[in-house]
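Below: one structure, written as structure tokens.
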Amino acid sequence: MPQPLDYLKETASQTAGPYVHIGLIPAMAGFDIFEKNFSNVLVTPNTQGERITLEGKVIDGSGSPLRDVLLEIWQANAAGRYNHPADRSAGALEEDFRGWGRGGSDFESGVVTFVTIKPGGIADKSGRKCAPHVNVWIVARGINIGLNTRLYFSDEEAANAADPVLNLVEPAVRRKTLIATRSERAGKVVYSFTINLQGPDETVFFDV
Amino acid sequence: MNAQAPASRDPRLNRPEPFTPPLGDGGFFQRDRSVHPPAYAPGYKSSVLRSPRQALLSIENSVSEITGPVFGHNDLGPLDNDLIRNYAKDGDPVGERIIVHGRVLDETGRGVPNTLVEFWQANAGGRYRHRKDTYLAPVDPNFGGCGRALTDDTGYYYFRTVKPGPYPWRNFVNSWRPAHIHFSVFGSGFAQRLITQMYFEGDPLIPVCPILTTIPDKDALDRLVAPLDLNASTPFDSLAYRFDIVLRGQRSTYFENRTAGN
Ligand SMILES: [Fe+2]
């Protein structure tokens, strides 16, 4: 017998269930308990960068929006820098921009929104430039392990065409499932997205 | 090619970067999906329409995955890890008083320090304080059912609560959830993000739960069951249960990298 490798095993995932709001966004469950709450608003008045709203739905295999889904996003700041010590790139850090938020879908419409800034492009480990993107994590009743995907921006065509992750997506027709569409509404910039869990336009999910 | 050039080594051997230790690039270990439930698990009916059917696209960890949100004590309130007191209006909640404690570790066995752990649960009667829960067991006016804690330098966390009750749910006609507490854990990178549920040793509903039995690996399922920990119990006050949580391992931590670089 060789020496045993004594790695531990990752704890098994379990669904977040229908009442995920209680733990993570109690105001949506219908009560107020914590002094400080996490939210879907990532910006403060001091945050640098273009203000944007991300607005979308998660759609099930019957074409219906999930009305009990929770999304989290994780993103770099406008200079392309993540607020984390493992990001040692050159962009300026903003102490009060955490770059993370969570939001639940509306119980009627299924719409999820985030108020944030458009992130800058980031460099991967080999120094290649990656297109600006927002990392998304999805949990809900019926989702047994959190789903990872990304949102890229429709007005970044050149950067998207060169992005090393988008270029891994085959067949190429599926790349569009990762692109949020820019529009302006009452003077505000909105990026709209649809995350399809199944079907011919199933969104690309990553094993990260 | 210039025929005059001296014969050189295979260019693939001219590594542009120094050779780094095998656990040295900061990426997470590849996720072992065999310890997790599959997305499509028809015994848990809600998964049927909510499970992706295409293969996941495997991508190497970039800075987007090895980084993640950082939390601190400023994000928490003083009662956040005390579910007996954090929603008490005119007394303590009804139920068996318990302490839940343990460590957040990674697959190499290291404690994960300063990471956010969030938890939520039904009350002692199996009822959630949630606008969508209509189970006939009553809401407890003194129980909110959620809390959170930050692990210490060794990855240790603890909180106090009442033991949740089992509850019925619509899957089969007579499906009941074993008593459980939902956990959300971050780790240091967004690729470690995990939601799971903790169960209680000896609960007869465990082997018949359609959600718990989505996990195909018996050992992985058993690791979600917290043992009674009499040593950590408080005499004449609370029983204790121990629940360790393991997140994905990382090829060296950024703390080590930082020390070397400074
Ligand atoms: Fe539950």
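A note on names: the letters A, B, ... follow the listed sequences, proteins ahead of strands, and every chain is numbered from 1. Hydrogens, waters and symmetry mates are skipped; everything else that's a heavy atom, side chains included, is used.
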Flag the pair Asp75(B) and Arg98(A) as a salt bridge only when some basic side-chain nitrogen lies within less than 4.0 angstrom of an acidic carboxylate oxygen.
yes
I'd like to know if Arg50(B) pairs up with Asp60(A) as an ion pair, taking the criterion as any Lys NZ or Arg NE/NH1/NH2 lying under 4.0 Å from an Asp or Glu carboxylate oxygen.
no
Go through the atoms of Val208(A) and report whether side chain, backbone, both or neither lie under 4.5 Å from a heavy atom of chain B.
both
Honestly, the part of Ser184(B) sitting under 4.5 Å from a heavy atom of chain A is side chain
Between Leu105(B) and chain A, which part of the residue has a heavy atom less than 4.5 Å away: side chain, backbone, both or neither?
side chain
Checking heavy atoms, do the side chain of Phe71(B), its backbone, both or neither come under 4.5 Å from chain A?
both
For the residue pair Thr203(A) and Asn196(A), confirm or rule out a side-chain donor-acceptor distance under 3.5 Å.
no
For chain A, which of Thr214(B), Asp219(B), Leu194(B), Asp217(B) has the most heavy-atom pairs under 4.5 Å?
Leu194(B)
When the 4.5 angstrom heavy-atom criterion is applied to Ile122(A) and chain B, the contacting part is side chain
If you measure from the Lys or Arg side-chain nitrogens to the Asp or Glu carboxylate oxygens, is any gap between Arg81(A) and Glu95(A) under 4.0 Å?
no
Between Tyr191(A) and Arg182(A), is any side-chain donor less than 3.5 angstrom from a side-chain acceptor?
yes
Under 4.5 Å heavy-atom distance to chain B, tell me which part of Glu72(A) shows up: side chain, backbone, both or neither.
both
Val169(A), part contacting chain B, at a heavy-atom distance under 4.5 Å
both
Examine whether an atom of Leu116(B) lies under 4.5 Å from a heavy atom of chain A, and if so say whether it belongs to the side chain, the backbone or both; otherwise answer neither.
side chain
Does any heavy atom of chain B fall under 4.5 Å from the side chain of Arg141(A), the backbone, both, or neither of them?
both
Tell me, side chain or backbone of Val48(B) under 4.5 Å from chain A's heavy atoms, or both, or neither?
backbone
Parallel, tilted or perpendicular for Tyr128(B) and Tyr167(B), by the 30°/60° rule?
perpendicular
Select one option (side chain, backbone, both, neither) describing which atoms of Ile211(B) are under 4.5 Å from chain A's heavy atoms.
both
Toward chain A, the part of Arg223(B) with a non-hydrogen atom under 4.5 Å:
side chain
Passes side-chain hydrogen bond (donor to acceptor under 3.5 Å, both in side chains), Tyr152(A) versus Asp163(A)? Steps please.
CA-CA 10 Å; Tyr152(A) 290 83; Asp163(A) 183 79; 2.8 Å; yes
Is the shortest side-chain N to carboxylate O distance from Arg148(B) to Asp80(B) below 4.0 Å?
yes
Under a 3.5 Å distance rule, please check whether Glu107(B) uses its side chain to pair with a backbone N or O of Gly249(B) as donor and acceptor.
yes
Between Asn148(A), Asp68(A), Val165(A), the one whose heavy-atom pairs under 4.5 Å with chain B are most numerous:
Asp68(A)
With chain B, the option among Phe206(A), Trp74(A), Trp137(A), Phe107(A) that has the most non-hydrogen atom pairs under 4.5 Å is Trp74(A)
Crowded around Glu108(A) CD? As in, over 12 foreign heavy atoms under 6.0 Å?
no
Regarding Arg102(A) and Glu118(B), does a basic nitrogen lie under 4.0 Å from an acidic carboxylate oxygen?
yes
Name the option with the most non-hydrogen atom pairs under 4.5 Å to chain A; the candidates are Ser47(B), Pro52(B), Ala55(B).
Pro52(B)
Heavy-atom cut-off 4.5 Å, strictly under: side chain, backbone, both or neither for Ala39(B) against chain A?
backbone
Residue, of Ile195(B), Leu76(B), Leu247(B), that accumulates the most heavy atom pairs under 4.5 Å with chain A:
Ile195(B)
With chain A, the option among Ile245(B), Asp32(B), Asn86(B) that has the most non-hydrogen atom pairs under 4.5 Å is Asn86(B)
Presence of salt bridge, Glu156(A) and Lys118(A), under 4.0 angstrom
yes
Donor-acceptor contacts, no H, no angles, side chain residues 18-33 of chain A, under 3.5 Å, sequence neighbours left out:
{"unit_1": "His21(A)", "atom_1": "ND1", "unit_2": "His130(B)", "atom_2": "NE2", "d": "3.0"}

Under 4.5 Å from a heavy atom of chain A, the part of Gln197(B) involved:
both
Which residue out of Ser64(B), Ala41(B), Pro38(B) racks up the most heavy-atom pairs below 4.5 Å with chain A?
Ser64(B)
Please flag which part of Ile59(A) lies under 4.5 Å from any non-hydrogen atom of chain B: side chain, backbone, both or neither.
neither
Parallel, tilted or perpendicular, as decided by the 30° and 60° cut-offs, for the rings of His182(B) and Trp120(B)
parallel
Quiz question: by atom type and distance under 3.5 Å, do the side chains of Tyr82(A) and Asn135(A) form a donor-acceptor pair?
yes
Which one, Arg174(A), His133(A), Glu35(A), Glu170(A), leads in non-hydrogen pairs under 4.5 Å with chain B?
Arg174(A)
Honestly, the part of Asn83(A) sitting under 4.5 Å from a heavy atom of chain B is backbone
Turns out that what part of Glu10(A) lies under 4.5 Å from chain B's heavy atoms comes down to both
Report the option among Gly77(B), Ala122(B), Gly144(B) that has the most heavy-atom pairs separated by less than 4.5 Å from atoms of chain A.
Gly144(B)
